Amino acid sequence: MAVETGQSVAPAAGGDARGRGRGTGEKSGKAPGPLRRALATHWYAWAMVAPVVTVIAVIIGYPLLRGVWLSLTNADESNVARTIGVNEIEATYEFTGLENYTEILTDGVFWDRLGWTVVWTVGCVSVTFLAGLVLAVMLNRKLRGRALYRIAIILPWGIPAFVSVFAWKMLFNEKNGILNKVLSGGGIDGVPWLGDPTWAKISVIAVNVWLGVPFMLVALLGALQAIPGELLEAAEVDGANAWQRFRNVTLPGIRSVSSTVVLLSTIWTFNMFPVIYLLTRGGPGDSTEILVTYAYRLSFLNSPRDFATSAAWGVLILLLLMAFAVVYRRSLRKQGEVW
Amino acid sequence: MKTTRTTTKSTTGTTTPDPTTTAPAPSVPAPPAEAGRPRRVRGRGERGPLASVGLHAGLLLAAVVAVFPPFWLLVTSFKPKTETFTTALVKNFTLENYDHVLNDTYFLTWFWNSVVVVVVTTVLGVFISATTGYAVSRFRFPGMRPLMWTLLITQMFPMAILIVPLYNLMAQLRLLNQPVGLIITYLTIAVPFCAWMMKGFFDTIPVSIDESGRVDGLNPFGTFWRLILPLAKPGLAVTGFYSFVTAWAEVAYASAFMTGEENLTLAGGLQTFVNQYVGDWGSMTAAAVIIAVPAAIVFGIAQRHLVAGLTSGAVKS
């Protein structure tokens, strides 16, 4: 890419370059100051990114800074600025330094939630990836009805997640849901899908896997189809058996796509709000509460709303994710991936 | 010799090759005569009947698991309320659930709220981010790497970090319960995402097109507007569709920022049918079907492009 774009940069020098011969493209002569020169060269690019930079600064950057600030205060429902009727009440919360953070980090709740969030993320991503890979390999074979299978299996992707979650909630209904009715028809006692901490954890993971497999499948199928057939043929001629071909040709062939989808789906799962919020509300107790749903609960479900602590949770979640992305990226680099 | 793959499973000589295979079966050499009856050596890409059965069984199982929950939603929506939880397929077909949802609840208001919020978000998001995607794809300029990182990091923002400050801001600006407030909020998701994805699409358009534009005397804006944008239309459509889908299915902000029955979006509205206090499963299923069926159909049409877009945008970063 760098080579191609290198060529586009030169004409971007604008008036300067156009005035002189296009072939040379070398700026010489006037020798303007470094800033003016940079402005002349990159003027177009900066103008083009300006809208996004502005929008991000105003609606993400500013709230982000405010969130960090809130996390250093004792803001809650009772002391933020608000309007009751015609009365404007000024904010009275105070700066408390890192108190929120020390409180969170020394309290067991955060570590409990973090532990379950990690189990949830690793569980969901690994099962989703494996299922997606197996199905992609199967669908990559020539077989009758392939298009039909494909459409059926990616159907869950086409339905808004909150709708699917309600469908599952109905299936999981403890007394009357069809899952338990089928089980009791087979002489097995009904399972308290969402009522028992362990089963609830299994259930939310199952639903999230169900939601996530289609994306994995489609991405991996695309990657599989991009592997040149000759490579596999050559390996076969060399006497590699099916497993060896899979390990040494197919897996390396889909590596860049896999590492991307694993990263994406890890981040999505870590932040997956609707599944847990709508299926169990974090319950029973707080057994299925992950970090994001807990932060949400602090500021929107609990009473009084604890804005400061919730913001501090948010900051911690962000730091965790960024650390993860850095480590992940580094490990990819070590393997020679340019991501 | 390409046909070295023999199996010990003996198959009869009359096995019909899988008609869908295009493997070079005819080039298979004469079957070895070691066994009493002729044994066909399987060519590359062919498989035994057992493997075929396994393959179909596995895929069939996956397909059933994938389709059953939405299917059951559909079935249940046609049952009278008293039979919601029967295991039978529809016995007494009725549309009363739909009638109730459409006429006696705020469903249509929620639907309209969702449409307004999501369409405006999508159009604005695509509009704002198009030039950035192009610039990031084509130019190397100071500040580009930080920008790319910002775009990437904001995509992994948990809503937990922004939701509290945004909520307080919206409260101060009196934009809670207003579609405008939700649109602004959704732009925080849509803009970085659209810019990132469009970079991927612009990367797939050959730079030689830009160069020919320059030769014809267009400046970068002209090149972008007259040459690249028309070529990138499918990419814009896919990006727009993605941000549409994301915003359509958003739950956290919608539940927190919109309260009062007539202000909800679909994600919030559906929750009012089934929560810890009420369990109106009949209405829930009917509403869910009305939300899901159009989405699934549109998705079915667009899905081929979606995947290419997402992976090309992400992989070639």
Side-chain angles (χ1 to χ4, degrees), chain A residues 4-5 8-9 11-12 42 44-45 48-49 51-52 55 59-60 63 66-67 70 80-81 135 138 142-144 149 152-153 155-156 158-163 166-168 170-171 176 178 181 218-219 222 237 256-257 260 267 271 273-274 292 295-296 299-300 307 310-311 313-314 317-318 321, chain B residues 2 20-21 44 55 58-59 62-63 66-67 69-70 73 85 87 128-129 131-132 134-135 138-142 147 150 154 156 158 160-162 164-166 168-169 172 184 187-188 191 195 207 210 214 220 248-249 251-252 256 267 270 281 284 288 291-292 295-296 299-300 307 311 314-315:
Chain A
E4 298 160 1
T5 41
S8 339
V9 173
H42 304 294
Y44 286 114
M48 281 180 172
V49 300
V52 163
V55 167
I59 64 173
I60 301 181
R66 230 184 114 97
L70 275 178
V80 293
L135 289 172
M138 287 166 101
K142 292 201 163 77
L143 82 159
R144 221 177 302 191
Y149 284 130
I153 296 174
L155 180 79
I159 299 175
F162 67 90
V163 172
F166 274 102
W168 276 99
M170 193 172 67
L171 304 186
N176 302 313
I178 189 157
K181 285 207 169 156
V218 170
V237 173
S256 75
V257 172
T260 309
I267 293 167
N271 291 328
F273 178 82
V292 279
Y296 184 86
S299 54
F300 294 102
F307 295 131
S310 179
W313 277 69
I317 295 168
L318 182 62
L321 280 173
Chain B
K2 287 186 175 179
T20 56
T21 53
R44 216 169 4 86
L55 205 54
L59 288 172
V67 170
L73 204 60
F85 281 111
T87 44
I128 296 171
S129 356
T131 52
T132 299
Y134 178 73
R138 288 298 197 266
F139 306 131
R140 294 290 170 273
F141 54 93
L147 179 64
T150 313
T154 43
M156 57 176 101
I161 175 71
L162 288 182
V164 167
L166 279 173
N168 291 338
L169 280 178
Q172 275 171 25
I184 294 173
L187 279 178
T188 64
V191 165
V207 181
D210 300 50
R214 301 270 165 62
W248 190 253
V251 175
L270 201 58
W281 294 93
M284 188 280 285
I291 303 168
F299 177 85
V307 183
T311 44
V315 173

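The basis for the numbers below is simple: all heavy atoms, side chains too, and nothing from hydrogens, waters or symmetry mates. Each chain gets a letter, A, B and so on, in the order the sequences are listed, and its residues count up from 1. Small disclaimer: the values here were computed from a predicted structure and weren't measured.
In this structure, chain B has a heavy atom under 4.5 Å from the side chain of A/Leu155, while its backbone stays farther away. At a 4.5 Å heavy-atom cutoff, the contact between B/Val191 and chain A is made by side-chain atoms alone. With a threshold of 4.5 angstrom between heavy atoms, A/Ala295 approaches chain B through side-chain atoms but not through N, CA, C or O. Residue A/Phe166 touches chain B through both its backbone and its side chain, counting heavy-atom pairs closer than 4.5 Å. Both the backbone and the side chain of A/Ile60 have a heavy atom closer than 4.5 Å to some heavy atom of chain B. Using a 4.5 Å cut-off between heavy atoms, B/Ile128 touches chain A through backbone and side chain atoms alike. At a 4.5 Å heavy-atom cutoff, the contact between A/Leu70 and chain B is made by side-chain atoms alone. Residue contact with chain B, scored on non-hydrogen atoms closer than 4.5 Å, involves the side chain of A/Val55 exclusively. For a residue to count as touching a neighbouring chain, one of its non-hydrogen atoms must lie under 4.5 Å from one of that chain's; by this rule B/Trp248 touches chain A with backbone and side chain alike.
Heavy-atom minimum distance, A/Ile59 versus B/Leu166: O-CD2, 4.3 Å. The heavy-atom pair separating A/Ala161 from B/Ala249 by the smallest distance is N-CB, 4.2 Å. Closest non-hydrogen pair, A/Arg66 versus B/Asn168, comes out as NH2-CB, 4.0 Å.
Interface check for chain A: of the options B/Ala267, B/Ala62, B/Ala295, B/Ala288, the most heavy-atom pairs under 4.5 Å are formed by B/Ala267. Listed options A/Trp313, A/Trp168, A/Tyr296 were ranked by heavy-atom pairs under 4.5 angstrom with chain B; first place goes to A/Tyr296. Counting heavy-atom pairs closer than 4.5 Å to chain A, the top residue among B/Thr132, B/Thr131, B/Thr150, B/Val67 is B/Thr132. Heavy-atom pairs under 4.5 Å with chain A were tallied for B/Pro69, B/Ala195, B/Ala135, B/Ala296; the largest tally goes to B/Pro69. The choice from A/Pro51, A/Gly158, A/Pro63 that makes the most heavy-atom pairs within less than 4.5 Å of chain B is A/Gly158.
Ring geometry for A/His42 versus B/Phe141: interplanar angle of 30 to 60°, hence tilted.
Residues B/Trp281 and A/Met170 meet the side-chain proximity criterion, which asks for heavy atoms closer than 4.5 Å. A heavy-atom distance below 4.5 Å is not found between the side chains of B/Ile184 and B/Leu169. Residues B/Phe139 and A/Met48 have side chains in contact (heavy-atom distance under 4.5 Å, counting atoms from C-beta outward). Proximity of B/Leu59 to A/Leu143: side-chain heavy atoms (C-beta onward) are separated by under 4.5 Å at one or more points.
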Could you give me the CA-CA distance, side-chain angles and deciding distance for A/Ile317 and B/Ile161, then say whether side chain to side chain contact (heavy atoms under 4.5 Å, CB included) is met? CA-CA 8 Å; A/Ile317 295 168; B/Ile161 175 71; over 6 Å; no
